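Source: prediction; values computed, not measured. Heavy atoms only: backbone and side chains are in, while hydrogens, waters and symmetry mates are out.
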Amino acid sequence: MRTMLIAMGIFAATSLSAFAAEPAKMVDTKMGKVLATEEGMTLYTFDKDQEGKSNCDEKCLKNWPAFHASQGAKPEGEWTLVKDSAGKDMWAYKGKPLYTFVKDKKEGDTTGDNVGGVWHVVK
């Protein structure tokens with residue numbers, strides 16, 4: 001009986017932890033609060049993407065790295081998974097794939113906002 005209770009406790013703890021945290025957080029920037037990776041790097045959307053589909057090709061991904069999901073990540077609520085051009089899972093928020101920008105160097109940088117009129121921070 002005791003072994004069963006311990007097993008149930010471990011199962012409950014690991015099941016809950018899988019859904020405990022969102023893949024991103026809000027950080028303060030000169031533009032106000034924006035969505036960012038756990039490391040604080042600003043996340044962007046690309047106007048040429050379609051809902052649930054990334055249109056950022058291999059060349060594009062060199063400047064706009066996909067916000068990849070960890071292995072075993074599960075979609076929840078407004079967070080979904082889409083494939084980048086290499087077939088790897090990346091996060092999407094409200095159906096829009098998310099990217100970082102190579103010229104952002106520290107937490108709160110927003111140098112990618114409005115690049116080419118098609119890249120935008122996520123507020």
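Linking ILVMFWY side-chain heavy atoms closer than 4.5 Å, directly or via other members, places Met41 and Leu98 in two distinct hydrophobic clusters. Residues Trp64 and Val34 fall within the same hydrophobic cluster, defined by Ile, Leu, Val, Met, Phe, Trp and Tyr side chains chained together at heavy-atom separations under 4.5 Å. Phe67 and Phe101 fall into different hydrophobic clusters, where Ile, Leu, Val, Met, Phe, Trp and Tyr are joined by side-chain heavy atoms under 4.5 Å apart, directly or via other members.
Looking at Asp84 and His68, their side chains come closer than 4.5 Å, going by heavy atoms from C-beta outward. Inter-residue side-chain proximity for Tyr93 and Leu35 is flagged as met; some heavy-atom pair is nearer than 4.5 Å.
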side-chain contact (heavy atoms from CB on, under 4.5 Å) between Asp49 and Lys96, intermediate numbers included
CA-CA 7 Å; Asp49 284 344; Lys96 295 195 160 253; over 6 Å; no
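Between atom NZ of residue Lys25 and atom OG1 of residue Thr37 there is a gap of 7.0 Å, rounded to the nearest 0.5 Å. The CD atom of Glu38 sits 10.0 Å away from atom CD of Glu107, with the distance rounded to the nearest 0.5 Å. Here the straight-line distance linking atom CG of Leu61 with atom OG of Ser85 works out to 4.5 Å at 0.5 Å rounding. Rounded to the nearest 0.5 angstrom, Tyr44 OH and Asp104 CG are separated by 3.5 Å. How far NZ of Lys74 is from OG1 of Thr80: 14.0 Å, rounded to the nearest 0.5 Å. Within the model, atoms CZ of Phe46 and OG of Ser54 stand 8.0 Å from one another, a figure rounded to the nearest 0.5 Å.
In this structure, Leu43 and Ala36 approach most closely via the heavy-atom pair CD1-C, 3.7 Å. Residues Asp109 and Lys105 approach most closely at OD2-N, 2.8 Å, considering heavy atoms. When all heavy atoms of Leu81 and Ala69 are compared, the closest pair comes out as CD2-CB, 3.4 Å.
No side-chain N or O of Thr45 forms a donor-acceptor pair with one of Tyr99 less than 3.5 Å apart.
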Donor-acceptor contacts, no H, no angles, side chain residues 115-123, under 3.5 Å, sequence neighbours left out:
| residue | atom | partner | partner atom | Å |
| --- | --- | --- | --- | --- |
| His120 | NE2 | Asp47 | OD1 | 3.2 |
| His120 | NE2 | Asp47 | OD2 | 2.9 |
| Lys123 | NZ | Met31 | O | 3.2 |

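For Lys83, the salt bridge (charged side-chain N to carboxylate O under 4.0 Å, His left out) partners two or more places apart in sequence, or in a different chain, are Asp89.
Between the side chain of Ser70 and the backbone N or O of Ala73 there is no donor-acceptor pair closer than 3.5 Å.
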